[in-house]
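Note sheet for the following structure.
In this text, all values refer to a predicted model and were calculated from it rather than measured experimentally. These values consider heavy atoms only, across backbone and side chains, with no hydrogens, waters or symmetry-generated copies. Reminder, nothing fancy here: chain letters follow the sequence lines and each chain counts from 1.
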Amino acid sequence: MTRWLAMLNASLGARIFAGFGIVLVILAAQALTTNLRLDEAVANFKHFGHLNAEIASILDIERNALDLQRSVLAYSYTGYEGMLPRIRRLQEDLRAQTANVLSATPDAARRDRLQRMIGHFQMYARDFETAVEDRRLHDELLEEQEHKLGGFLSRELAELVDLALTRHDTRTAAEAGIALENLLLARQNALRFFSSPDASLIRAANERLDQFSAILKRLQPRVQDSEIRQRLAGVAARVSDYDRTFVGAVQATRGYLHMVNVVLAGEAAEIARLSAELKQLTLEQQAQAMRRMEQHIAFSQTASRTVSLFAIMVGLLSAWGITRAISRPITAVTRALTALARGQKDIQIPGRGRNDEIGAMAIAADIFKGKADELENASRYKSEFLANMSHELRTPLNSMLMLSKLLARNEEGNLTSEQVASARIVYDSGHDLLRLINDVLDLSKVEAGRMEVVPELRTIDDFAAALDRQFRHVAVAKSLAFTVEAAVRRAVCSDWGKIEQIVRNLLSNAFKFTAQGEVRVRIDRAPRGLAYLDAELAGSEVLAIAVTDTGIGIPEDKQEQIFEAFRQVDGTTSRKYGGTGLGLSISRNFAQLIGGELHVTSQLGQGSTFTLYLPLDRYAEPLATTATEPSQAHSHPDPEVLFRRYAVDVLLVDDDPRNLFAIGKILQSRVRTLYTAQDGQDALDRLRQQPGIHLVLMDIMMPTLDGYETSRAIRAQPKFQDLPVIALTARALAGDREKCLEAGASDYLAKPVDPEQLLQVMAFWLERRGDLPPRDAPPSAVPPTRPPEAAPVAPPRLAKNGRAITALIVDSDMRTTFSLARALQNRAARVLMAADGRKAQELATQRIVIDIVLIAQDLPDLDSATVIRSLRDAARERELGIIVLAVNAPESPPVGADACVAKPVDLEGVLTLTQALLDASGRIAHA
Amino acid sequence: MTSRRHFLRAAAVGALATRAPYVFAREPVTLRVMGTHVTLREEIRQRAMADLGLDIRFEPGGDSYVLQKASMHPESFDLYEQWSNSLNVLWRARAIQPIERQRIQAWDEINDLVKTGRLTPNASLGQGDAPYKLLFVQPDGGLDAQPSELVSFLPYVHNVDSFGYNTRVVPPGQPYVTESWGWLLDERWSGKVALVNAPDIGLFDVALAAQAQGLMEFANIGNMTQPEINKLFAILIDKKQRGHFSGFWNSVPESVDYLVSGRAVISSMFSPAVSSLNGQGVPVIYAAPKEGYRAWYGVMCLSSRTQGRVKDAAYEYMNWWLSGWPGAYVARQGYYISVPERSRPYLSAAEWDYWYEGKPAAHDLKSQDGTVAVKAGEVRTGGSYYERFSHVAVWNTIMDTYEYSLPRWHEFLLA
């Protein structure tokens, strides 16, 4: 028992089985009981029917018995023998009927009554025959007495009277007449008795007969006439016969009357009584059967109800038990896991103490949680590292971008078109790099939990119009149809900056991967009943922004992978279409951050639909109408005009001389005087000396006194209350702008600074001052610091055995190809370029002597190893230096290559390596 | 055992004493006795044959059957045993011949009940055909109480009848004081009252009951008029329809069964039934009604055709009946014999005291079948022979209205 209980405690399966088992057993028991009861009810019903039939038979017997007695009575009064066969048949029928009922009756009490009834019927039959005999006797005697003897005596006497009169014996005639009179009176009384029996009539008749006899006795001796005497003697001799037959007839009358009225009636009464008893017994048994039936039915009903109730209760109890034992703990574990997945900390996995399946699951989940924590920590460290790195990355990029832009403008007009092109490439690469950094930064900020949600109210229409504006020219350029339709027209409160970033990302992907057809944006309410990962989303109104294209599509097994950071569907994608591969990952993270989800449906070769689902009313009202970026909100006066018209003195504060140089380069031709300061204290000193400075450009991240402190210090001086201070920071992190403004800055610009934007913001703030001196005003006392100028250096030439070399660059990334080509152009005799492996193979077969090959490891068409082998084959025994440019440089060079260089390519390093290879060519042995 | 041994000894003595005078018969004579089951018992026949050296044949039958047969065919029997109320029929039919009382040895010992109608000077005569009115053959051939040398019948077995009641249900009454025929119509026992199915005697029971209940009066209860009969049956049928009567018995065993089964708790009853019921443990009291008993007298008649040696044998049999043993035999059934003293030696003192003297039984008394009929200490209800016959309300009689009553009885039975 205890072992069994322990098993129940240990396994959910056993518990569920036991629960259902109990219910099943109860239901089976109920079915069995009901069935048995039903059988009994059927038996009782049959019994009931049988009793019914018996009652009908008994009623029939009663009716026949009554008929019998009536017939017998009629017979006793009429003596009509024609009734006898019918009476006898009735008796026979009654006996047979009763015997029939008896044969079908098992009950002892009823059998007893029936047997007694049969006995009485037999006695009745016997007694009836006696009564018939008596009646016949009565009839015979009456015939004998009245018609024969009575008639004879009367006639004889009448004749005697006549005879006596003829013989003139008047005395005898008179006596005989009196005798006749007595005889006739006796006969009259006798006849009256037979028609209406009464013993007094017998007495009267007897008295008359006695007198009659006495007269005859008296007369006989006196009669002389022999004939008369002889006839008198004859009469006297018959008188006793008459007397005796009269007594006999009386007795016969009494006999049959007694038989019919007492004996047969007694039998009939007893039969009636027995049949009444029988009826009563049968009815009682019928009532009993009825009661039993009712009891069985009632029992069945009660049992059924009780068992059903019990089964329901057990079922409910089991369900409750199972819910408690299974569902709830599973839900709890699920919640914990979901919370864990959402990044919540300090989650305790419930149910670890249990010793059933859930306990095992909880322990597994706990292990998983440990791993998740580790991963989480690792990820957070990475993200923090990246976030911090951003500053370090942006700072040098800042100067690079600005300078390359300046160069590309060729404002002084002293650069060749190639030089301008180089500058543009520098700028574009820098810009790509910046975008990559921004993406990485965004991703790391989200993952590090440092990305904030800034809700604002915006109409869908406005949003749709902006999208259309931004991408219309792209669509036109690629000859693609482009539609933006909004089925929802209301204003929605959400983080529109992030929404825009997501949708822009989706759209640029759509355009990127679609060669023909269309790109469509549809904004609508999401249909009900969609499956979301976030349960909260399922319960609310959801806005769906779907971006559909007819592009290359995504294989089904890759549809999740594309959302993972640093991964694309396959390696060739980025080479073919460019991009960092972070966009979708960021988009998904952003979507999650603002309470939404990003789904994808796609068919390879048919196109893709990315849908951003957003809760419509997550933010009931805008937390605050976000102040539009001041730099974008104002009408911009034309900076060139302003700077030409007014003599402006600007203080530029930055600890990085490259930035001082770059920004100084932008401003030097525009401002009257550009003061620079290397740190905060320096800036404050400069301001003290030159309080007439019109505007301050303030870097934030500076040693000792940083930009915030410096800004506060400036503002602390009443005379600088209205001095425009524009903060410049490479820390593109959330809250930076607010912090800057809070510290007293008038405006904020993120590094790397776009020269145009810088000039515009400056123009805006300067114009607001309204106190700028015109150009002809005297310049500030202190001459502006000249930005350091780099002395031009002639590039060293690459040579092999003193001969100028021929180089082949094989890379599908034209920017790399072009940069390398530019770098090699002045150093090599000839630079050949191939965008892919086949082109490289073609070049190799053209009998051109190639000294050095710079080949990308990943080529869009062929495997780099194959290309390398072809190149070596073409070079025959000649020495050929091959450098592989790899995204992730392996520790040893790939097969066939002499060296491997990691991308982004360090030009100096590559050049050095190339020269080293050329120098060592004679020593390298090729197998 | 004591009483049993005593009884056997007494019987043996009786046998020896009576056999001697009749051993001279040359060859067995067959004597045919017709009658009812009350006296035509096998023990009696065996005993008589043994005692008399006669061949005796009994022809027992129903009352009306034997009466019919006897009255019409006197040649079919030698002796006829029935009730005094059938005597007129037989005598009128000339089926029987007068008996010479000289030839009845114990004639003088026959008590006055049948001779004068009274055992004691103060006793009531009783209504109806008292047997003394039919005993003596008159010179005109009629029958009357005027003594003569010829008698119409040999007086022998007689008794008084009343009703019995089960004391488990009906509270015992006081003899002659509270016990009343009226109980038969008492509403308290409605549904549990049985009657004998014989109007010639049952009618008297219910008439006495109706009179006792004050429901009606009879000018002469021994000879009811048709209007009286009508009124009586009106009362009875009304009662019957209200379920008052539970049955009408045709034989003594049937009446016993009624009381044993509980079908009835009070019923018209014959003496042997009372003995049988008490023997079976049903406590039945044979009532001594304050209105008096219904009395009957057994008659033994000689066929008008019997002559010669058979007639002699018939006289032997008649004398044997009054010799003692038969009287003792019927005494144990509760019947009296016309010559009690002759039977006294054949009864134990306890039996004599109980049956004739109305004294408590000294010990348990056995009936003919060996069962205990009377328990020690019991007293015969109604008291002694003398006392009982001092309270006769009516004698069983065939009334003038007998035939008239029959269809009414039929009506009553099936009401």
- Task: Enter the distance from B:Arg263:CZ to A:Glu277:CD here, rounded to the nearest 0.5 Å.
- Result: 6.5 Å
- Task: Give me the contact list for residues 250-258 of chain B versus chain A, heavy atoms only, anything under 4.5 Å, ordered by residue number.
- Result: B:Tyr258
- Is B:Asp200 salt-bridged to A:Arg254, going by a charged N under 4.0 Å from an acidic O? no
- Note on the structure: Residues of residues 295-307 of chain B with a heavy atom under 4.5 Å from any heavy atom of chain A, in residue-number order, are none
- Item | Whether over 12 other heavy atoms sit under 6.0 Å from A:Arg192 CZ | no
- Note on the structure: Residue from A:Asn206, A:Val247, A:Val260 scoring the most non-hydrogen pairs under 4.5 Å with chain B is A:Asn206
- Pairwise distance CD(A:Gln251) to CG(B:Leu90) - rounded to 0.5 angstrom: 7.5 Å
- Reported CG-to-OH distance for the pair A:Leu257 and B:Tyr402, which is rounded to 0.5 angstrom: 8.5 Å
- Message: Let me confirm one number: the CD-CG distance from A:Gln69 to B:Leu413, rounded to the nearest 0.5 Å.
- Response: 9.0 Å
- Engaged part of A:Leu141 at the chain B interface, taking heavy atoms whose separation is under 4.5 Å: side chain
- When the 4.5 angstrom heavy-atom criterion is applied to B:Arg92 and chain A, the contacting part is both
- Query: By a 4.5 Å heavy-atom criterion (distance strictly below it), what part of A:Phe246 contacts chain B: side chain, backbone, both, or neither?
  - Reply: neither
- Message: With chain B as the partner, which of A:Asp134, A:Val250, A:Leu201, A:Leu73 has the greatest number of non-hydrogen pairs under 4.5 Å?
- Response: A:Leu73
- Rounded to the nearest 0.5 Å, what's the gap from CG on B:Asp400 to CZ on A:Arg203? Could you check? 3.5 Å
- CD on B:Glu403 to CG on A:Asp198, rounded to 0.5 Å: 7.0 Å
- Message: Can you give me the closest heavy-atom contact between A:Val262 and B:Trp409, atom names plus distance?
- Response: CG2-CD1, 3.8 Å
- Who in residues 220-248 of chain B is close to chain A, using a strict under-4.5 Å heavy-atom cut-off? B:Gln226, B:Ser246
- Contact leader toward chain B among A:Asp210, A:Leu66, A:Leu264, where contacts are heavy-atom pairs under 4.5 Å: A:Asp210
- Measure the shortest side-chain to side-chain distance between A:Ser200 and B:Tyr404 over non-hydrogen atoms and say whether it is less than 4.5 angstrom. no
- With no hydrogens and no angle check, is any side-chain donor or acceptor of A:Asp243 less than 3.5 Å from a backbone partner on B:Ala93? no
- Task: Heavy-atom pairs under 4.5 Å with chain B are the metric here; pick the option from A:Ser76, A:Gly255, A:Ala252 that has the most.
- Result: A:Ala252
- Note on the structure: Under a 4.5 Å heavy-atom criterion, the part of residues 116-128 of chain A in contact with chain B comprises A:Arg116
- Query: Which pair of heavy atoms, one from A:Gly266 and one from B:Asn197, lies closest together, and at what distance?
  - Reply: CA-ND2, 3.5 Å
- Quick one: what part of A:Ala268 sits under 4.5 Å from any heavy atom of chain B, side chain, backbone, both or neither? both
- Side chain / backbone / both / neither for A:Tyr256 at chain B, heavy atoms under 4.5 Å: neither
